[in-house]
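Here the structure comes first, spelled out in structure tokens, and everything after it is commentary.
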Amino acid sequence: MLKIYGVKMQKKKKMCVIFLVMLIVLIVYIFANAFAIYNYGNIDEKQKSDVAIILGAATDTNGVSPVFAERINHGIWLYNNGYVDYLLFTGGKGEGAKVSDAYKAKEYAMLKGVPEDIIFLEEQSKITQENLKYSIEIMEDNGLNTCIIVSDPLHMKRAMLMAKDYGLNAFSSPTVTTRYRTWKTKLPFLLREEFFYIGYKIYRLF
């Protein structure tokens, strides 16, 4: 009886050790991904390319959101400084919206002096993956081969992984004037990005 009890205790201890090791591995994995996402946002690879793809963000009845505006501003800066020949704004229609997020981005850019004839619109997407998927079609239709991906720093790691999976010849250039400047705003965004980044890595396996 004591021998059986001892065997059971050993098995229980072994299971506890395995669980603890798995928990530690999970925690390390989560922190490693968070660090990778945060660190990647500091990398700017901008170089002469055909087009800047500005990833979509929220809009409302008054126009583009402050977050989207800063992404657009960075795209405009890339164009004005000769890094790209064209701007490609992404984002479909939100619920109840009369025009797409991309169209509102175009209006905003033109008010900033950007010529209409260097702007492309991707108006079908709802999520980042679709931003890139439909942008590729526009690039192919217009003979564009290289691109700079523009978004907020904490979004870049996931966006660039998706761009790589789609075979895009893409370079990262995070928005330097991002609205996510304090840890109060950065942390929720980082946690959200980590959730979707890990989710996408799992999705890639299948």
Side-chain angles (χ1 to χ4, degrees), residues 7-47 49 52-58 65-68 70-71 74-75 78 88 90-92 94 101 122 124-136 139 146-206:
V7 171
K8 287 183 176 179
M9 287 300 295
Q10 285 181 350
K11 287 184 177 179
K12 189 174 181 180
K13 286 181 180 179
K14 186 178 180 180
M15 290 300 296
C16 287
V17 170
I18 293 172
F19 175 77
L20 183 60
V21 170
M22 291 177 64
L23 182 62
I24 292 171
V25 170
L26 178 61
I27 292 172
V28 171
Y29 180 75
I30 290 172
F31 274 95
N33 276 287
F35 177 78
I37 291 168
Y38 184 84
N39 192 55
Y40 195 90
N42 296 318
I43 299 172
D44 194 326
E45 304 169 330
K46 64 178 178 289
Q47 54 189 279
S49 302
I53 298 176
I54 293 84
L55 299 183
S65 67
V67 170
F68 200 9
E70 295 308 327
R71 295 182 188 183
H74 188 55
L78 291 171
L88 197 168
T90 68
D101 292 350
E122 178 286 297
Q124 301 179 68
S125 63
K126 300 294 182 183
I127 58 176
T128 301
Q129 194 170 357
E130 292 177 349
N131 287 162
L132 296 170
K133 175 184 176 182
Y134 297 128
S135 290
I136 290 172
M139 288 180 64
T146 57
C147 63
I148 296 176
I149 307 295
V150 175
S151 190
D152 288 276
L154 294 177
H155 190 204
M156 294 307 304
K157 180 74 172 174
R158 180 163 61 99
M160 291 302 293
L161 179 59
M162 291 177 175
K164 179 182 177 182
D165 287 347
Y166 276 120
L168 271 171
N169 188 1
F171 307 99
S172 170
S173 188
T175 307
V176 293
T177 54
T178 177
R179 301 289 290 189
Y180 299 99
R181 298 172 187 171
T182 67
W183 275 109
K184 185 177 180 180
T185 54
K186 280 183 179 180
L187 187 57
F189 192 9
L190 177 59
L191 294 175
R192 176 183 178 277
E193 270 305 304
E194 177 156 27
F195 175 80
F196 285 113
Y197 178 67
I198 293 174
Y200 180 70
K201 289 175 76 174
I202 295 172
Y203 164 82
R204 294 170 80 227
L205 298 175
F206 303 97

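Small disclaimer: the values here were computed from a predicted structure and weren't measured.
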Let me have the donor-acceptor pairs involving side chains of residues 159-166, under 3.5 Å, with sequence neighbours excluded, atom names and distances please.
residue	atom	partner	partner atom	Å
Asp165	OD1	Arg204	NE	3.4
Asp165	OD1	Arg204	NH2	3.0
Asp165	OD2	Tyr200	OH	2.6
Asp165	OD2	Arg204	NE	2.7

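Looking at every heavy atom in both residues, Ser49 comes nearest to Phe171 through OG-CD1, 3.5 Å. Residues Ala170 and Glu45 approach most closely at O-OE1, 4.4 Å, considering heavy atoms. Minimum heavy-atom separation, Asp101 to Gly94: OD1-N, 4.5 Å.
With a 4.5 Å cut-off on side-chain heavy atoms, Ile149 and Ser172 do not count as touching. No side-chain heavy atom of Ile53 sits under 4.5 Å from any side-chain heavy atom of Asn131. No side-chain heavy atom of Thr128 sits under 4.5 Å from any side-chain heavy atom of Thr90. The shortest distance between side-chain heavy atoms of Asn42 and Pro153 does not fall below 4.5 Å.
Neither side chain, Thr175 nor Glu70, offers a donor N or O lying under 3.5 Å from an acceptor on the other. Judged by distance alone, the side chains of Thr146 and Asn169 never bring a donor and an acceptor atom under 3.5 Å apart.
In this structure, Leu88 CG and Ser135 OG are separated by 4.5 Å, a value rounded to the nearest 0.5 Å. Remark: His155 NE2 to Ile37 CD1 distance equals 10.5 Å, nearest 0.5 Å. Rounded to the nearest 0.5 angstrom, Leu191 CG and Leu187 CG are separated by 4.5 Å. Atom NZ in Lys126 sits 10.0 Å away from atom OH in Tyr134 (nearest 0.5 Å). Here Lys46 contributes atom NZ and Asp44 contributes atom CG; the two are 3.5 Å apart, rounded to the nearest 0.5 Å. Annotation: the span from Asn33 atom CG to Leu190 atom CG amounts to 10.0 Å, rounded to 0.5 Å.
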Exercise for review: Applying side chain to side chain contact (heavy atoms under 4.5 Å, CB included), run through Val176 and His74 and close with a yes or a no.
Suggested key: CA-CA 7 Å; Val176 293; His74 188 55; 4.3 Å; yes
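Between Glu193 and Lys157 there is no salt bridge, since none of the side-chain N atoms of the basic residue sits less than 4.0 Å from a carboxylate O of the acidic one.
The backbone N or O of Gln124 sits less than 3.5 Å from a side-chain atom of Glu122, completing a donor-acceptor pair.
For Phe31, the ring pair (Phe, Tyr, Trp, His ring centres under 6.0 Å) test picks out no residue, with sequence neighbours left out.
Counting non-hydrogen atoms of other residues, nucleotides and ligands closer than 6.0 Å to NZ of Lys133 gives a total of 12 or fewer. The number of heavy-atom neighbours closer than 6.0 Å to CZ of Phe195, taken from other residues, nucleotides and ligands shown, is 12 or below.
The residue from Arg192, Arg179, Arg181, Arg71 that alone fulfils the salt bridge (Lys or Arg N to Asp or Glu O under 4.0 Å) condition with Asp152 is Arg71. Partner of Ile27 under the side-chain contact (heavy atoms from CB on, under 4.5 Å) criterion, out of Ile30, Ile24, Leu23: Leu23 alone. Across Tyr197, Trp183, Tyr180, a single residue satisfies ring pair (Phe, Tyr, Trp, His ring centres under 6.0 Å) together with Tyr38, and that is Trp183.
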